[in-house]
Structure formats: C-alpha cells, structure tokens
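Positions are given from 1, in the same order as the sequence printed here.
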Amino acid sequence: MWGETVQAGWHVLLVEDEPRMAETMQAYLEAEGYRVTVAGTAAEARSCLREAQAAGRPVDLMVLDWMLPDESGIDLLRGIRPEWSLPVVMVTARSDELDKLLGLEMGADDYLTKPFSLRELVGRVRAVMRRARPALFVADEVLSCGDLQVNLSQRRALLGRVELNLTPREFDLLATLARHPGRVFTRLQLLEAAGGDAFGSSERAVDTHVSNLRRKLEADPASPRYLLTVPGAGYKLAPGLEASSGRRDQ
Ligand code: CA
C-alpha cells in the first residue's frame, strides 16, 4: 500500500485559526490517512514544527491559512523557509493574482482560495506532496502481514492506519520477524538481527523488546495475535492474519 500514493501516517501541520474550519479540514485529512496536527497561530505552528522534529515525527506538509491572529501566513512562511523546506499549501480568502504570485515567491507550493471544497483540499495536498517529495511516491520495500505493514525503506510500521511508534530495536525485531511470517526465531537470532552482541546484550533483552513491542502492536498484549511465543524455542509473527478488529484509529 505504501509507495503508490502518500499513505497513512504522513504528518500534516494544519495552521488555521478558525476552530470549526480547522476541525472540518482535520477530519477530512485524517479520513484520508494523514496524521494531522492543528496550530491556531503562527507561534504555535513554529513550536509544532520543532516539537514534531524533536519527537522524530517531522511535519511532511503544511496547510497554512493566510490570515492568522499573530502574524500573516506569508510572514510565517518567510520566517521558517531558511530552516524548513517542507511543502506548503497556502489557504487564502483573497483571490487576486498579486497575492498568488507573492505566495509562490515566498515558497508556497500551491494555493487554495476560500471557499474551497474538502475534496479540493485533499487533492491539492496530495498533488503538492507528490511534486515536492517524489521520493515519498517511489515504491517502498514493504512487508505485509495481515493489516500490519512494515516499511523497510522508511523504517516505519503501520497497523491498519495507525503508525506504531517503535524504537530502532523494536523496529529491527519486528522487521526480522515480518521478513518470514510463521518462521520461529530463537532469542539469539533475534538479538543478532536487532544489532545486539553477545557481550553487550543478553538474550533476556529480547524478551523485554518483545514485551514492549506487544504493548504497541497488540490490542491485548496478554493474548497476542501477531507476535507469538513458541514455548521452548522463541518467537514468531503469526502468518496470514486477517484484518484485526483490535487496535485501530476508528
Ligand atoms: Ca484565518
């Protein structure tokens, strides 16, 4: 699923000060699978950019309202451009060409003029993302197991439409298991695959990673559906899982 279009989990920062407008746009973008953070002011937008970056979930695209309470969208854009090269869709209530040109000069990638349809919003966001980040559309190496998807190219994992927030070790562990669903891996094999070495990390550490991974992956970690224990042997990922009714974003 990943790779053909921009798929679930891409992070959109929606900068819009009208709460009802923001709420509607957010709901529509989320329904398309984007992860959406809303900022009501330019100052808030700047902190969101930084916080998202620091948290390792950087903003992939910004939808930016022209008129904000503390400063204009253009000023915000001008201020962040040296540091942030993310694609931007500018939203404006003013439709004249001068504004449009100004916006494009300042580095907005596209425009939406109010009123616009939500379908148009989603179409523009997708088109801009494709143009600005063609790499996001290149076919990724993705392993699928039921509704679990492990994107090796991006080192991200999705369960349904929910992105799993995995540590590098947890990701390596999951990727190893997902390469061969149904195959049993010993703790030592998993330790080696996850970059551990016999001196620095014990096989017991694998159990800890598995337990942490289950908390993120399983609707009920006590009776896992995905990451199964094989007594006396190790662990395996259940093959051929049907879509789960467990942990979803709906
Ligand atoms: Ca506004």
Side-chain angles (χ1 to χ4, degrees), residues 1-42 44-45 48-49 52 57-69 72-74 76-77 80 84-140 142 144 147 149 151 154 156 158-163 243 248-250:
M1 284 176 66
W2 282 351
E4 178 50 38
T5 57
V6 169
Q7 282 296 324
W10 295 108
H11 192 182
V12 172
L13 176 59
L14 174 57
V15 190
E16 168 60 68
D17 59 307
E18 296 165 45
R20 290 181 72 177
M21 181 87 177
E23 206 175 306
T24 312
M25 290 166 76
Q26 178 179 16
Y28 213 81
L29 287 167
E30 284 179 349
E32 289 294 305
Y34 295 100
R35 215 159 56 77
V36 180
T37 303
V38 178
T41 65
E44 213 181 309
C48 284
L49 282 171
R57 317 280 288 272
V59 173
D60 297 298
L61 181 142
M62 181 159 64
V63 176
L64 178 58
D65 187 30
W66 187 290
M67 297 294 288
L68 297 168
S72 77
I74 280 293
L76 170 63
L77 194 53
I80 64 169
W84 304 92
S85 63
L86 77 172
V88 173
V89 175
M90 182 73 87
V91 177
T92 177
R94 303 187 294 184
S95 60
D96 56 281
E97 289 296 315
L98 184 62
D99 284 350
K100 188 166 184 169
L101 284 173
L102 181 60
L104 294 173
E105 258 176 41
M106 285 305 128
D109 298 86
D110 206 348
Y111 250 79
L112 275 173
T113 304
K114 289 179 181 175
F116 53 84
S117 74
L118 293 166
R119 188 179 295 272
E120 199 180 353
L121 166 71
V122 167
R124 292 294 173 85
V125 164
R126 176 172 293 183
V128 165
M129 193 83 98
R130 181 180 275 280
R131 204 162 62 231
R133 301 260 179 103
L136 299 189
F137 291 85
V138 170
D140 292 328
V142 179
S144 293
D147 55 0
Q149 292 185 69
N151 188 319
Q154 297 170 24
R156 296 165 86 167
L158 283 187
L159 183 60
R161 288 189 149 192
V162 180
E163 177 157 4
R248 305 296 287 266
D249 60 342
Q250 296 302 322

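Of the options Asp65, Ile74, Asp109, Leu112, a side-chain contact (heavy atoms from CB on, under 4.5 Å) to Met90 is made by Ile74 and by none of the others. Of the candidates Val91, Val15, Thr92, Thr92 is the only one forming a side-chain contact (heavy atoms from CB on, under 4.5 Å) with Trp66. Tested against Glu163, the residues Arg35, Arg156, Gln149 include a single side chain to side chain donor-acceptor pair (under 3.5 Å) partner, Arg156.
Counting only distance, with no hydrogens or angles, the side chain of Asp60 and the backbone of His11 share a donor-acceptor pair below 3.5 Å.
By the side-chain hydrogen bond (donor to acceptor under 3.5 Å, both in side chains) test, Glu44 is found to be paired with no residue, residues two or more places apart in sequence or in another chain being considered. With sequence neighbours excluded, the residues satisfying side-chain contact (heavy atoms from CB on, under 4.5 Å) with Pro69 are Asp17, Thr41. Applying the side-chain hydrogen bond (donor to acceptor under 3.5 Å, both in side chains) rule to Glu120 yields the partners Arg124; only residues at least two apart in sequence or on another chain are considered.
Val12 and Tyr34 get closest at one heavy-atom pair: CG2-CD2, 3.6 Å. Pairing each heavy atom of Val128 with each of Pro87, the nearest pair is CG1-CB, 3.6 Å. Here the shortest heavy-atom pairing between Ala45 and Leu76 reads CB-CD2, 3.9 Å.
Proximity of Met25 to Phe116: side-chain heavy atoms (C-beta onward) are separated by under 4.5 Å at one or more points. Looking only at side-chain heavy atoms (C-beta outward), Trp10 and Leu61 stay at 4.5 Å or farther from each other.
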Go through Leu86 and Leu49 one step at a time and tell me if the side-chain contact (heavy atoms from CB on, under 4.5 Å) criterion holds. CA-CA 10 Å; Leu86 77 172; Leu49 282 171; 4.0 Å; yes

Before giving the answer on side-chain contact (heavy atoms from CB on, under 4.5 Å), spell out for Thr37 and Val59 the whole-Å C-alpha distance, their side-chain angles and the decisive distance to 0.1 Å. CA-CA 9 Å; Thr37 303; Val59 173; over 6 Å; no

Assess whether side-chain contact (heavy atoms from CB on, under 4.5 Å) is satisfied between Glu18 and Glu16, documenting all intermediate values. CA-CA 6 Å; Glu18 296 165 45; Glu16 168 60 68; 3.4 Å; yes

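No more than 12 heavy atoms of other residues, nucleotides or ligands lie within 6.0 Å of CE in Met67, so this atom counts as exposed by the packing criterion.
To the nearest 0.5 Å, atom CD1 of residue Ile80 and atom CG of residue Leu64 are 7.0 Å apart. Separation of atoms CD (Glu23) and CG (Leu14) is listed at 11.0 Å; rounding is to 0.5 Å. With rounding to the nearest 0.5 angstrom, the CG atom of Leu121 is 4.5 Å from the CG atom of Leu29.
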